[in-house]
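Following: one structure in structure tokens, then a few remarks.
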Amino acid sequence: MDSFLKKECDLEFFHNNGFKRKQCTSCGAYFWTLDDNAKTCGDQPCVPFSFIGKPLGKKPLSLREVRESFLSFFEKNNHSRLNYPVTGERCPVVARWRSDIYLTIASIADFQPHITSGNVPPPANPLVISQPCIRLNDLGEVGKSGRHLTIFEMMGHHAFNKNTDEIYWKEDTVRYCDEFFVKNIGIPREAITYKEQLWDGGGNAGPCLEVLAGGLEIATLVFMNMKRDENGKFAIKGEKYAQNPLNIVDTGYGLERIAWISQGTETVYETVSPKIISWLNDHTGDNSDKVSIYSLADHSKCLAFMLGDGIVPSNVKAGYLARLIIRRTLRFIEKLKLDIPLKELVNMQLNILEKEFPSLKEGKYQIDEILDIETRKFSETLSKGEGLVKRILKEKETIDKKELITLYDTYGMPPDIVKNIANMEGINVEIPKNFDSMIAELHSHEEKEEIKEEIRQNLPGTIRLYYKDHYTKEFDAEMMWKNNTGNGTELIFDKTAFYPEGGGQLGDIGTIFRDDKQLSVKKVVKEGDAIIHIVDGDLNVGENVHGKIDWERRYTLMKHHTGTHVLNGALRKLLGEHIWQAGSQLGVNEARFDFSHYRSISEKERKEIENLANQLIKQETVVEKKIMDRNSAERTYGFRLYQGGVPPGDSIRVINIPGIDVEACGGTHLNNIGEIEKLRILKTERIQDGVNRITFAAGKMVDAYQKEENELYNKLVNILSSTYEIKKQKEISDQLKEASKIFSVPINQLEKTIGRFLKETGKKEKIEVNDFKDACSNLFKEWKQARKDEKKVSSDDIENLKYQAETIPGTSIKVITAISKSESTSIAGTIIKEPGYVVHIYDGKKITSAASGNIDIDLSKEIASEIGKILGGSGGGKPKLTQSGGPKKGKIKEALDKAKQLTIKALN
RNA sequence: GGGCUUGUAGAUCAGCUCGGAAGAUCGCCUCCUUGGCAUGGAGGAGGCCUCGGGUUCAAAUCCCGACAAGUCCA
């Protein structure tokens, strides 16, 4: 490895400028320096910071000055500054184009995976950017170490070389770096050390040089030329790597660190957020708690970016990370006893950042609302948790490791808060030192296996007619390939209009004609470039066929698909820019659209969304479908395009509904949104915290649902008509929803429930009610009353029963056997409050047997099950209160007689 | 994406292990105590035990499913 690095890092630049290669006496790494006496590599922890109070560089620089200096330096040296007008000239901190990471962790992340893999040309070459990044790996160090940040800007100049020196490679990279630091920033060359390292990350690897000054790493120059490959010959950290098709110059310059080194402040935080820190110092009661102050300065900026770039807090994915930071921030506010809502703090950051990152503040209204909601939620969680902790303490007087873990993992109570609560109760709780690793251990065996689908090679590619014209209904084609399986035959043609399953859209079905033969297409799937039709029947390769898709079905699917795009646009207009597709499923009967939003959709909002979507449809906007190269598509429309994930390849299909929505989408779409006709929201639900789902229908399917709903309504009205005279018919769908609320059952259970309630209420005189909803609420009230009446025991009944009582000869105990109308357990329970009674009462469902407290008898042992058996069942209970029953209702008299006999026998 | 947890009175929860009259505390209402308030005392109202289905003579309790909520991790 050393020899590999020695060869890779042996640069003319070093030799020409008098640099010497040395080995660090502390860590053993090799480094290049001008200092003949240097012994250590110049990195932490081998050397301490030397620039605190003694800044390096010409003069103190602000973040903005460093950024501008860097970008313009490389611009002068023929690099292009990236420009994404829609997204505010940058990629967001949430890595929406990546499936493997949630946050943008480095400038190169913007170009992974498709550009770094060589599949897509870079937007410019070479280029220079400054990318805001978020890293939460060292969250625990933030505020403490003086140098760790969750949010920082990584400045990078990147060159993507097909051949090593196509653009530039190591020599020029180091030369640029040297010139920038020495001439522009003014760090003396003697103060700069280049340390040799091996870099790996994101499936790539290569040699790298860490650039160090004053004990601080201020840049990393990575020469990414390898990629992970099982058959590769380079082994790094147990993984094998092979040559990458591209040689990529991946540099990362720490904007904040460079500014810090030029200012020499106590910590990096004073350089990054001087205003916030001085404000915090002025407003806290305890400005000795530097860690909290620094953390707040950092976290509030992190939140400004996270929320400004549209992350919605949630319990999963990137949203969870946002919530994590929000809760940490709230706790620091609490710790410093600051009398300020979290949103005010974040607003201060938004105002500071507004000039350089104007897009962040655009969602201010939503950010405020999100932070208020999150603040409330956290305090609810904590106060619930507090109650829980107090209850545990009351019972056990201590909290052990296991409970500490449960409290955190299940109820979200951080252990130190638990400790504080216990302290207030005068109880000490030990937090295990390895608490974090205990939690990690708990979750360690949750790895799931990834199922990789084998793709068959050498399948003939299929021309996709459905992309040429989304309205292609019939076509002629030639059979290219077939494969008989147990479940139908797989066919591939030279071209097809059948759309395969994918992108949330169902595949087409239809018919293949060959002379007089007709084969029905059951399923269509995509495998590589091939479109496979699964049919019942058989054909031969080389035959010419005619295909016809089930157009009516497909047309509905297209309405649903274009409908989701319109809906997406409507949601964004009404709720805000944080709305982002989180998945979708298009069916024939209905379509689902999942999206990020921090609240559930209210009834009022549902109507507004539906109305707006329908208004948009009436505008009859033409849908633009075009294939664009990726870079110009991104530049024109921004990352909004990637609602349904990022398609591979250098050209993408863009579905643009001007003024409403634009997405990269591989599905089939209408030519004009007017063809949707109408859209109706059937259901809104919250499928996760932070994610909502709308189920809707479009076009003819709306009528189908309307019809179904009307039928249900009429059926229910008919059922109710035995007791209720409904005067008015109001909006049916609202009425059904109200009814579903009244009975707390889903709409499809209403028929059953209303039937049951009517039956259990018993017949009443016919009542006139205003509308359906009133009939339901009246029925519910009546039913409640009936239930109560059933349990109510009238004193007359009791007296009657006592009157019937027989005294058991030789004792003063009275025994009662009877059949009653009201609930037997209530009656029996009432009678035995008085001493001297044994009762057996049947109420139509069961026999309750009970004995007064002063009588020495155990009914549960033999009597209850004995009389239950007579009825074909069994019985049991507590010694002095039992229930028995069974299906043979005709034998009640026999059972009661037996009960009396057994009671008398038992008491003699 | 995965794990864990919870749905019982207006609120906070017990009961569920091991099936057999639905409970506590606060809050609410009425009356008593007091000049009034705080307090104290007596009584009362308020539960489809989230919703389906299954097992059983019997389900808040056991099993399956749905819906809702909380929380942790990647």
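Proteins come first, then strands; the chains are lettered A, B, ... in the order of their sequence lines, and each starts at number 1.
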Checklist entry - Can a side chain N or O of A:Arg323 be found less than 4.0 Å away from OP1 or OP2 on B:U71? => result yes
Checklist entry - A:Lys791 has a side chain; which of B:U50, B:A22, B:G1 sits nearest to it? => result B:A22
Checklist entry - Choosing from B:C72, B:A21, B:C51, which nucleotide comes nearest the side chain of A:Arg327? => result B:C72
Next on the checklist: Looking at the base of B:U71, is there any donor atom on it, or on the side chain of A:Asn315, that sits under 3.5 Å from an acceptor on the other one?
Outcome noted: yes
Checklist entry - Roughly, in whole Å, what's the span from NZ in A:Lys889 to P in B:C57? => result 12 Å
Item to check | Which nucleotide in B:C72, B:C51, B:G46 has an atom nearest any side-chain atom of A:Lys788 | outcome: B:G46
Next on the checklist: In whole Å, I'd like the distance from the NZ atom of A:Lys390 to the C1' atom of B:C26.
Outcome noted: 14 Å
Next on the checklist: Under 3.5 Å for both donor-acceptor distances, Watson-Crick or wobble: does B:U30 have a partner, and if so which one?
Outcome noted: B:A42
Item to check | Watson-Crick or G-U counterpart of B:G23, or none if no pair lies under 3.5 Å | outcome: B:C13
Next on the checklist: Looking at every non-hydrogen atom in both residues, tell me the closest pair between A:Ala805 and A:Ile816 and how far apart they are.
Outcome noted: CB-CG1, 3.6 Å
Checklist entry - Once you round it to whole Å, what is the distance between P of B:A58 and CG of A:Asp843? => result 13 Å
Checklist entry - Starting at NZ of A:Lys878 and ending at P of B:G19, how long is that distance when rounded to a whole Å? => result 14 Å
Item to check | side-chain N/O A:Thr848 vs B:A21 OP1/OP2, d < 4.0 Å | outcome: no
Checklist entry - Nearest to the side chain of A:Lys317 - B:A74, B:G70, B:G52? => result B:A74
Checklist outcome for this item: The side-chain contact (heavy atoms from CB on, under 4.5 Å) partners of A:Leu330 (sequence neighbours excluded) come to A:Ile326, A:Leu342, A:Thr375, A:Phe378
Checklist entry - At under 4.0 Å between heavy atoms, what does A:Ser744 touch on the DNA or RNA strands: base, sugar-phosphate, or nothing? => result base
Next on the checklist: I'd like the P distance from B:G19 over to B:A58, given in whole Å.
Outcome noted: 15 Å
Next on the checklist: Can you tell me which nucleotide in B:G2, B:G47, B:G52 comes closest to the side chain of A:Lys784?
Outcome noted: B:G47
Checklist entry - With both distances kept under 3.5 Å, what pairs with B:G47, Watson-Crick or G-U wobble? => result none
Next on the checklist: I want to verify a distance call: between B:G46, B:C49, B:G1, whose nearest atom is closest to the A:Val316 side chain?
Outcome noted: B:G1
Next on the checklist: Any strand counts, and the cut-off is 3.5 Å on both contacts for Watson-Crick or G-U wobble. Which nucleotide pairs with B:G52?
Outcome noted: B:C64
Checklist entry - Looking across every strand, which nucleic acid part, if any, lies under 4.0 Å from A:Glu760 by heavy atom: base, sugar-phosphate, or nothing? => result nothing
Item to check | Whole angstrom value for the distance that separates P of B:A74 from CZ of A:Arg98 | outcome: 18 Å
All N/O contacts under 3.5 Å from nucleotides 10-13 of chain B to the protein, with atom names and distances to one decimal?
residue : atom : partner  : partner atom : Å
B:C13   : OP1  : A:Arg391 : NH2          : 2.9
B:C13   : O3'  : A:Arg391 : NH1          : 3.2

Item to check | Step-by-step salt bridge (Lys or Arg N to Asp or Glu O under 4.0 Å) determination, A:Asp734 to A:Lys607 | outcome: CA-CA 11 Å; A:Asp734 282 353; A:Lys607 279 186 185 149; 3.3 Å; yes
Checklist outcome for this item: Comparing nearest nucleotides in RNA chain B, the 5'-proximal residue of the pair A:Leu881, A:Lys683 is A:Leu881
Next on the checklist: Applying salt bridge (Lys or Arg N to Asp or Glu O under 4.0 Å) to A:Glu711 and A:Lys715, what does each step give before you reach the verdict?
Outcome noted: CA-CA 6 Å; A:Glu711 276 168 11; A:Lys715 211 175 193 175; over 6 Å; no
Checklist entry - For B:A59, which nucleotide in any strand shown is its Watson-Crick or wobble partner with both distances under 3.5 Å? => result none
Next on the checklist: What is the separation between atom NE2 on A:His840 and atom P on B:C57, rounded to the nearest whole Å?
Outcome noted: 21 Å
Checklist entry - When we call it a touch if two heavy atoms are under 4.0 Å apart, what does A:Gly868 touch: a base, just sugar-phosphate, or nothing? => result nothing
Checklist entry - Out of B:G53, B:A22, B:U5, which has the shortest distance to the side chain of A:Lys752? => result B:G53
Item to check | Spacing between A:Asp689 atom CG and B:C72 atom C1', to the nearest angstrom | outcome: 13 Å
Item to check | Atom pair distance, as rounded to whole Å: NZ in A:Lys377 and C1' in B:A68 | outcome: 13 Å
Next on the checklist: Does the structure show a Watson-Crick or G-U wobble partner for B:U71, both distances under 3.5 Å? Name it, or say none.
Outcome noted: B:G3
Checklist entry - Would you call A:Lys390 and A:Glu386 a salt bridge, using N to O less than 4.0 angstrom? => result yes
Item to check | Lys/Arg-Asp/Glu bridge criterion (N-O < 4.0 Å) met for A:Glu369, A:Arg599 | outcome: yes
Next on the checklist: Both A:Leu407 and A:Tyr411 contact RNA chain B. Taking the nearest nucleotide for each, which residue is further toward the 5' end?
Outcome noted: A:Tyr411
Checklist entry - Atom CG in A:Asn204, atom CD1 in A:Ile108: separation rounded to 0.5 Å? => result 8.5 Å
Checklist outcome for this item: Of the listed B:C57, B:G46, B:G52, the closest approach to the A:Val745 side chain comes from B:G52
Checklist outcome for this item: A:Gln883 has its side chain closest, among B:C72, B:G20, B:U71, to B:G20
Checklist entry - Contact class for A:Tyr408 vs. all strands (heavy atom < 4.0 Å): base, sugar-phosphate, or nothing? => result sugar-phosphate
Item to check | Salt-bridge criterion met for A:Glu380 and A:Arg376 (N-O under 4.0 Å) | outcome: yes
Next on the checklist: So that I can tick it off, tell me whether A:Glu866 and A:Lys861 are bridged by a salt bridge, with the cut-off set at under 4.0 angstrom between side-chain N and carboxylate O.
Outcome noted: no
Next on the checklist: Taking any heavy-atom pair under 4.0 Å as a contact, classify A:Gly877: base, sugar-phosphate, or nothing.
Outcome noted: base
Without placing hydrogens or testing angles, list every side-chain donor-acceptor pair under 3.5 Å for residues 867-886 of chain A, not counting sequence neighbours.
residue  : atom : partner  : partner atom : Å
A:Lys880 : NZ   : A:Gly853 : O            : 3.2
A:Lys880 : NZ   : A:Ile855 : O            : 3.0
A:Ser884 : OG   : A:Ala864 : O            : 2.9

Next on the checklist: At less than 4.0 Å, is any side-chain N or O atom of A:Arg693 found next to OP1 or OP2 of B:A68? Yes or no.
Outcome noted: no
